[in-house]
Amino acid sequence: MKYNPQKIEKKWQKQWEKEKLYEAKDFGHKNYMLLAEFPYTSGNLHMGHWFTYSIADIYGRYLRMNGYNVMYPIGFDAFGLPAENAAIKHGSTPEKWTKKNISNMTKQLHSIGAGFDWSRVVDTSDPEYYKWTQWIFLKLYEAGLAYRAKTFVNWCPHDKTVLANEQVIDGKCDRCGNIVEQRELSQWMFKITSFADVLIDDLEGLDWPETTKIAQKNWIGRSEGAKIKFPVKDQEHAVEVFTTRPDTIFGATFLVVSPELAKKWIEIGWKASQEVIEYISTSLRKTELQRQEESDKTGVFAGFNAVNPMTEKEIPIWVGDYVLGGYGTGALMAVPAHDQRDFEFAKKYTLPIKEVVLNEGDFIGKANESEGVLINSDGFDGMPSVEAREKITQALKDKGLGEFHKTYRLHDWILSRQRYWGAPIPMIQCSECGYQPVPVEDLPVKLPKLTDFLPVEGGKSPLARSEKWVKIKCPKCGGPAERETDTIDTFVDSSWYFMRYTDPKNEQELVSKEKMDKWLPVPLYIGGREHNTMHLLYARFITKALNSLGVIEFPEPFLSRRNHGVIMGPDGKRMSKSKGNVIDPDTEVDKYGADSVRMNFAFLGPFEQDYAWNSNNIGGVNRFLNRVWNILERFNDKQRTVKEAREIDVAISRAVKDVGNDIKQHKFNTGVSGLMKLVNSLEAEVGEGKLSKENTEKILKVIAPFAPHITEELWQEVLGNSDSVHLQSWPEYDEILLDQELITLVIQVNGKLRDTLQVKPGISEDEVKNLALVSDQVQRSLEGKEPKKFIYIQNKLLNIVI
RNA sequence: GCCGAGGUGGUGAAACUGGCAGACACGCCAGCCUUAGGAGCUGGUGCCCGUAAGGGUGUGUGGGUUCAAAUCCCACCCUCGGCACCA
C-alpha cells in the first residue's frame, strides 16, 4: 500500500474525536495547561496559526507521553473591530460572519490533527462568556479601577472609534493605517497605571523572552525624578512640573506648559491673550504625528511669570507644543544649558541660558546633558549632579514646594469603543443618580440585534440607535435612564480567556476556586511578538487587578512565554492578499497531508524566528514520511544477527534520548533531524524487514508527537495494537549501550586537525599517544620535530604541540 | 538619540560547559531507472590549488587571550526590533 495521508488523516481525526482522546480530566496531579493564543475570527486560519498550533502540539504530545495531564485548549477571539469591518466589507453582519468563520476555522483546526480539548471551547462573543467580561468590568468599577473621565483620546476617523494608545502605531490606526486624530471625549477607562510599578517589577520572576520584558518596560516607561512647584508671581497658585534633573533647577530660566494644560487653565478662568488662545487652538488641531514631525519648536509667551523656588528669581512662562499634555504634569522647567530641546527653544526666542553643571568637553552650540559637578547653584556648588538630585529635591520638599516622584509613559487603558461588535459596557446613566452599574443579577447585558450597525461620525455608538434597548429604569431610583451605548474593547475579552478554559461552563462564577487551583497560572504560553505590549500587558493587568480584589489567587497569568516567528510569503514579505503572496494551508494539506505540514514547521529552524515559505522544504519532510511508511509498513520481523540487533538498539536509543531532549528544550528542528538520522541509519546499515516489533513500536513513539496520523495508522493497522499510540509512554533508552559506543577522537598537531581515531571510551592518554604517533598523517605533520607538549582531553582530543 | 536581538555555504540551519565548523535538509551537479517526470534510487557538493592522495583557507571586519575561538575579551561595520520633543 502507498502512503496516503489524505485518507488516513481524516480517519484518525474522526476516531480521536469520537474517543475524546485529548479531553483533559480535572486531575490534581501533573496538570499542564498548554496555551497557544486563540485565533481571531476575521477570516480563516493562515499559515501562522498552523505554525503555532503544530509546534505547541508536538510539545503537548511529548508531555502527555511523559505522564502530564495536558490541557491543550482552543477557542475564538470573536468580538471586535476587525471582525466587524470584515463583515461590512463582505456585505454580511458581524454575527453571521463570525459564526461562519468559527465553523470553518473549527474544520481547519481539526485538520491539523492537534490534541485540542474540544470540550472547553470558548467564544468571546457568546453571552455566556461576555457575561463574565462584563462582570470583570463591574468588579473593577466597584474597586475604583474602572472610571469615566474626559481626556484627549486617539480617534480613528476611518474606523470612527476611540483607540487605546497601544493600538496606535507611529501615529496611525493599528487596524486600518489611517492617521489618528486627538479628540477630547469622556470615556471609560481602566486604571492600569496604578499597577505600573508591579507590572515592571514582577517581570523579573517570569520566564519570558528578554525582548518582551524590555518592550514592556519601555512601554510602561518609568522615570524617577521630582515634582516641583513654581509659584506664579503675585498669585495664589503655582505651576507644577516634573523633572528627572532637579539638580539643574538653578539653571531653569523659564517654564513651558503644554497647550492641553493651558486650555484647562482657560477653562477655569484664565484670561489669556488672543495670541495665546490662537496658538493653543492651532496646536490642538495638529495630529500627534504632525506634532512629532515638527523639528522646529514653536511657542508663545503666556503673559506672566513664575518664581524659581531655588534662585527666587522671576522667570517667564511660555506655552509650547513640544511639551506633551499627557506626560508628567503637562508642564516643564526649561534648563536650556542642559537639555537640547530647551536649548533650541531658548535660542529661537532669545531666552537666557545659565550653566549649572560643569564637566569636560565641548558643548558649543548644544546643551550639555551629561552628569558633572554643580556650579552657579549657591550652597550646592561643587556637589556631583547625581547627589544633588537627592539633596535639592529634599530642600524643595522642606520648603513644601517639591517631592520625589515617579512618572510613567503608560496611560490608563481607554476601553470604550463606539462600535457595534463588542460586549456592551454594563452601565446605566440616570439624570438623577448619574452613572449606575447594572446589577450583577441582570448580566449579561446582551448585545441587541441591529439591522443598521454601521459606525457613524460624531462619537455616538450604533447601539444608541436602538431606543428600545437604550431606555431602561435606573437601578437606584427607578426613574427613567439610559444604557451606556459604547462597547468594551476586544482586548478586555481576550485578557482573561485562559482562565475560562479551566471552567468553561460555570454559570455561577468566573472560575471555581477548585479548577483555578488545579490549572492556573498557565505554565507555558505560546504566541506572537505583536502582543508584547498589548494583549500580554492587558492580561497581566487584569490578572493583577482580579488578584488584588481576591477573585483569583495568582498575581501573574503566564509563568513562561515563548514567541513564535512569522511565516512570510515565498518572496520574504508578509503574506497579504494585495501582494498576492498568500500560501493557503488547506492547499498544502490537500497536497502533502497534515503530518508533512506540521513536520515542515518543526523542521524549519528555531521557532522564534521568521521564515519565508519555501515549497521545497515541505517536499523534503514528505519524502521522509514516505520512507518511514515504506520501512515500517513492510515490517516483518526477520532474523537478525547480534551485530545488527545491537546497531538497531544503538540507533533507537540515541534517537529516544536526543529527540526527547530536543523537544523538552523546544528545539523541534533538531528533533526532526534526529528522526531523520534514525531512519537514515536503519536504512543504510540494516535494510528493511529486520526490526523487531518492539523496535518498531519505539520508533513510532518517537515520531508520534511530530506526525500523529501516520504513526497511529502504522501503530494500529500494521502492528495491530488496539489502543492509540498517543496514549503510550515515551520509550526508555539504554544509557549504558550508548556509553559503550566507539568514539571519534581528534588528533591535532599545533591545533590543526591531522587525524581521527575510532576508540573505546575511557581509553588512556598513553594509549592515545601511541596510536597517534604511529599515524602517517601525524608523522608527516611533525616534520621530524620533537613534540614539546601534549594536550589531552579525555574522550575528545589529543593536541601535539611542536 | 536610548535600549535590545542578531550577522555561519547557493538556501533553511547545526555545533552541549572553548575541542573534527557546516549535522539534518533544500537546491544544484553526475549517474541509474523510466516513453515521460515537479517520481524514485546512488554518489558528489564551503571556497582556492590538485586527476588524486593531499595542502591551503574559511563563521560580518580588525585586533587580543589560549595548545585550541563561530563560541571568551576590546574596537568597529551592517541588519532587524522596542521606545522616542517622555522633561
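Fair warning: this is a prediction, and the values are worked out from it, not measured in the lab. Here is how names work: the chains are called A, B, and so on, in the same order as the sequence lines, proteins then strands, and each is numbered from 1.
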Indicate, with a heavy-atom threshold strictly under 4.0 Å, whether A:Lys796 touches base, sugar-phosphate, or nothing. base
Mate of B:U34 across any strand shown (Watson-Crick or G-U wobble, both atom pairs under 3.5 Å) is none
Between CH2 of A:Trp219 and C1' of B:C3 the distance, given in whole Å, is 16 Å
Of the listed B:A25, B:A87, B:G4, the closest approach to the A:Thr244 side chain comes from B:A87
For B:A68, the nucleotide meeting Watson-Crick or G-U wobble distances (both under 3.5 Å) is none
Over all strands shown, is A:Val621 touching base, sugar-phosphate only, or nothing at heavy-atom distances under 4.0 angstrom?
nothing
Taking B:A25, B:A87, B:A84 as options, the one with an atom nearest any side-chain atom of A:Thr243 is B:A87
Under 4.0 angstrom, heavy atoms only, what part of the nucleic acid is A:Lys667 near: base, sugar-phosphate, or nothing?
-> sugar-phosphate
### Query
Under 6.0 Å between ring centres, would you say that holds for A:Trp318 and A:Tyr349?
yes
### Message
I'd like to know whether CD of A:Gln779 has more than 12 heavy-atom contacts from other residues, nucleotides or ligands below 6.0 angstrom.
### Response
yes
Would you say B:A84 has OP1 or OP2 under 4.0 Å from some side-chain N or O of A:Arg291? no
Next on the checklist: Quick check: any donor-acceptor pair below 3.5 Å linking the side-chain of A:Lys297 to the base of B:C85?
Outcome noted: yes
inquiry  = Is the phosphate of B:G54 approached by A:Gln777 (side-chain N or O, under 4.0 Å from OP1 or OP2)?
reply    = yes
_For a quick test of reading the model: is some side-chain N or O of A:Gln609 closer than 4.0 Å to OP1 or OP2 of B:A13?_
yes
query = Is the distance between the ring centroids of A:Phe242 and A:His405 under 6.0 Å?
reply = yes
Do the side-chain N or O atoms of A:Arg623 get closer than 4.0 angstrom to the phosphate oxygens (OP1, OP2) of B:C26? yes
#### Entry: Side-chain N or O of A:Asn680 closer than 4.0 Å to phosphate OP1/OP2 of B:C24
no
The nucleotide from B:A5, B:A13, B:A14 with an atom nearest the side chain of A:Thr670 is B:A14
Between A:Gly330 and A:Asp170, the residue closer to the 5' end of RNA chain B by nearest nucleotide is A:Asp170
Side-chain contact check for A:Pro606: nearest option of B:G38, B:A13, B:C67 is B:A13
Expected list for residues 611-620 of chain A near RNA chain B, using heavy atoms below 4.0 Å, is A:Tyr611, A:Asn616, A:Asn617, A:Gly620
message: Less than 6.0 angstrom separating the ring centers of A:Phe254 and A:Phe345, yes or no?
response: yes
Q. Heavy atoms under 4.0 Å, any strand shown: does A:Leu324 hit a base, just sugar-phosphate, or nothing?
A. base
In short, salt bridge (Lys or Arg N to Asp or Glu O under 4.0 Å) pairs touching residues 602-620 of chain A with sequence neighbours left out are A:Arg529-A:Asp610
Using a 4.0 Å heavy-atom cut-off, does A:Thr533 contact any base of the nucleic acid, only the sugar-phosphate backbone, or nothing at all? nothing
Which of B:C67, B:C20, B:G19 is nearest the side chain of A:Ile793? It is B:G19
The salt bridge (charged side-chain N to carboxylate O under 4.0 Å, His left out) partners of A:Arg654 (sequence neighbours excluded) come to none
When all nucleic acid strands are considered with a 4.0 Å heavy-atom cut-off, which category describes A:Ile791: base, sugar-phosphate, or nothing? base
